[in-house]
Amino acid sequence: MSTTAERVSAPPAPVRAPSTRWSVLELVPPLAVVLLGTVLLLPGHGLWFDELFTAEVGRRPYGEILAAIVEGRGTTGYLADVPPSYNAPWYFVVHTWVSLPGLGGDTSLRVLSLLATAGGLALITRAVTRLTSRAAGVLAGVVLAASPLLLEQAVEARPYGLAVLATGGALLGLVRWLQGSPRGLLLFGLAGAGMGLAHWYAVTALAGFVVAALLLRGRRALPVVLTGAVAALPAVGLVGVNLLNGTGARNAEHLRDTEGTLADLAVEAWTGGSRSFLYLTVGLAVLGALRGAGVRVVGTCWLLVPLGLLLLAETVRPVYHPRYLLAGLLSLGVLAAVGALTVPRAARAPVAALLVACSLLAASPLAVREPRERADDVVALLAARQRPGEPIVAADQRSATGLDHYVRTAAPQLRPDVVLPPDDAPSAADRVWLVRRVIRGEVVSTDDDDVLLGAGLRVVDEYAFDASRTDLLVQLWER
């Protein structure tokens with residue numbers, strides 16, 4: 001019989017892998033997110049400012065992108081104060097993607113994000129399957145695929161799909177290491193570095209994985225701690241570049257001070273504002289955290305460590321934006337799915353179906369959402385009504401970004417007449433088309449108004465292009 005001392009000093013057994021063999025059923029979650037994402041892409045809405053910025057920067061050569069990042073400057077005159085320093089690696093990925101034959105259109109930019117998300121869900125499904133069971137892994141992946149917050153970001157040309165992909169890779173690497181595979185540590189390190197490079201907030205989820213390893217393995221988790229620290233260095237370097245080039249606080253105006261309610265707002269964002277879905281998700285996640293064999297430590301750390309770190313950071317400055325928390329909030333869906341399978345056996349299928357149904361219901365408004373910006377419709381109007389020689393003036397940065405993109409891609413015949421900031425409207429023309437932004441029903445005044453009024457022109461017609469994010473107005477000025 002073993003002595004007490006022998007039992008204490010014995011190395012811990014690897015986390016059991018209930019189902020290490022891959023099954024085709026694990027393709028259900030990535031196929032589900034691709035199907036749901038395709039439905040959201042079918043209306044073919046035009047790109048909005050953040051996506052247009054991706055398209056503008058991504059088409060530049062690698063060297064020009066790198067110079068703009070390091071020097072903290074924009075890639076064109078009207079974006080001079082908007083450098084691509086945040087999410088910088090995303091633009092290199094986009095440039096590589098659009099350089100492939102047959103790609104480069106607006107939809108392909110969104111498809112890149114969708115495919116990355118699908119890959120991330122495949123990895124998360126595999127990891128949860130290895131930790132618990134195939135049923136739990138597939139259900140977790142499907143719940144994530146139907147999440148309102150994840151779906152919204154999966155179909156936009158921004159780096160959150162890559163963040164999901166890297167998070168899934170890091171999770172699978174951690175699980176493989178816990179189960180005795182040394183090569184899992186390499187995957188954990190590489191994917192962990194990708195997490196921070198895709199979005200530096202994702203480093204908080206990486207920290208959650210490290211804490212989970214410490215709780216499960218104690219001092220034997222030192223390789224994971226060191227690997228996690230090294231994996232965080234690229235993100236630290238990226239933040240350092242932003243501080244050195246003077247753009248460190250440029251996006252601060254978009255962040256909210258939640259006054260200590262960050263966790264509440266995060267869960268509400270994950271559930272799309274549905275109170276019933278919120279209560280169901282939180283209740284099942286608590287069950288998963290308490291009773292989810294194999295996954296409770298990893299899942300709980302994955303959720304609580306990022307929220308705790310961001311709550312701590314909020315004591316210094318606002319940090320909250322729903323999509324910034326996506327990498328950590330994935331754990332909420334995983335824990336809820338695992339929790340659904342801890343209820344009495346007869347209730348598992350109905351509870352799991354209810355969880356998925358509530359998620360789909362909460363995400364359903366995305367299928368009928370309005371365009372976020374209608375710069376494509378603006379250019380279509382100008383192509384139909386503008387006469388050659390009549391200046392087309394962008395009055396502000398957002399108007400310029402959309403006008404420049406869609407003239408280049410859809411109506412190149414307008415290019416000779418386009419005037420972009422910092423250039424003002426020409427005063428000698430008898431007819432001028434002015435594209436401008438409207439904020440909360442108020443037309444944003446610019447220097448172009450004074451130039452045109454001083455030249456004796458007045459507004460004779462207006463065309464409004466309202467949208468959910470940016471309202472644009474086209475004005476026809478005549479002498």
Side-chain angles (χ1 to χ4, degrees), residues 11-33 117-145 164-192 194-195 205-206 208-218 220-221 223-224 227-228 231 284-285 287-303 305 327-328 330-342 348 352:
V15 173
R16 185 174 63 91
S19 182
T20 56
R21 296 187 64 180
W22 181 83
S23 167
V24 70
L25 289 175
E26 294 171 36
L27 289 177
V28 171
L31 290 176
V33 80
T117 303
L121 294 194
L123 295 172
I124 292 172
T125 300
R126 178 92 279 261
V128 176
T129 296
R130 290 177 66 108
L131 278 175
T132 56
S133 66
R134 180 161 294 119
V138 173
L139 179 59
V142 171
V143 169
L144 296 184
V164 173
L165 176 62
T167 302
L171 175 64
L172 182 57
L174 174 64
V175 170
R176 293 185 58 160
W177 180 83
L178 289 171
Q179 294 173 347
S181 173
R183 289 180 298 178
L185 197 61
L186 176 61
L187 176 59
F188 176 75
L190 292 175
M195 290 172 68
L206 178 64
F209 294 151
V210 171
V211 171
L214 282 169
L215 291 176
L216 290 169
R217 290 291 180 268
R220 292 181 177 83
V224 174
T227 302
L284 291 177
L287 281 179
L290 294 176
R291 302 175 59 188
V295 76
R296 56 177 173 258
V297 173
V298 174
T300 302
C301 292
W302 184 9
L303 176 64
V305 171
L330 294 170
S331 58
L332 186 62
V334 170
L335 286 173
V338 172
L341 298 183
T342 65
R348 290 177 186 175

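What you are looking at is a predicted structure, and each value in this text was computed from that prediction instead of being measured.
Rounding to the nearest 0.5 Å places CD1 of Ile124 at 5.0 Å from CG of Leu330. Note that the CG atom of Leu144 and the OG1 atom of Thr125 stand 7.0 Å from one another [nearest 0.5 Å]. Expressed to the nearest 0.5 Å, how far CG of Leu25 lies from OG1 of Thr129 amounts to 9.5 Å. To the nearest 0.5 Å, atoms CG (Leu27) and CZ (Arg126) are separated by 11.0 Å. Here the OG1-CG distance, from Thr300 to Leu290, works out to 7.5 Å after rounding to the nearest 0.5 Å.
Closest heavy-atom contact between Ala213 and Leu174: CB-CD1, 4.0 Å. Considering all non-hydrogen atoms of both residues, Gly189 and Ala231 come closest at O-CB, 3.5 Å. Taking both residues in full, the closest heavy atoms of Leu332 and Ala285 are given as CD1-CB, 3.8 Å, listed atom of the first, atom of the second, then distance. Residues Gly299 and Leu335 approach most closely at O-CD1, 3.6 Å, considering heavy atoms. Minimum interatomic distance between Phe209 and Ala170 (heavy atoms only, all atoms of both residues): CE1-CB, 4.0 Å. The heavy-atom pair separating Pro29 from Ala145 by the smallest distance is O-CB, 3.8 Å.
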Q: Give the C-alpha distance, both sets of side-chain angles, the deciding distance and a yes or no for side chain to side chain contact (heavy atoms under 4.5 Å, CB included) between Trp302 and Val334.
A: CA-CA 10 Å; Trp302 184 9; Val334 170; 3.9 Å; yes
(Q) Please evaluate residues Val164 and Thr167 with respect to the criterion side chain to side chain contact (heavy atoms under 4.5 Å, CB included), reporting the C-alpha separation (whole Å), side-chain torsions for both, the decisive distance (0.1 Å), and the verdict. (A) CA-CA 5 Å; Val164 173; Thr167 302; 5.7 Å; no
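Contact annotation: the side chain of Leu216 approaches that of Val298 to within less than 4.5 Å [non-hydrogen atoms, C-beta and beyond]. For the pair Leu131/Val128, no side-chain contact is recorded, criterion being any heavy-atom separation below 4.5 Å from C-beta on.
Each of Leu171, Val224, Leu172, Val175 was evaluated against Phe188; a single residue qualifies, Val224, per the side-chain contact (heavy atoms from CB on, under 4.5 Å) test.
Listed for the Arg134 side chain is no donor-acceptor partner under 3.5 Å among the backbone atoms of Glu26. In this structure, the side chain of Arg348 engages the main chain of Leu341 through a donor-acceptor pair within 3.5 Å. Judged purely by atom type and a 3.5 angstrom limit, Arg130 has no side-chain atom pairing as donor or acceptor with the backbone of Gly137.
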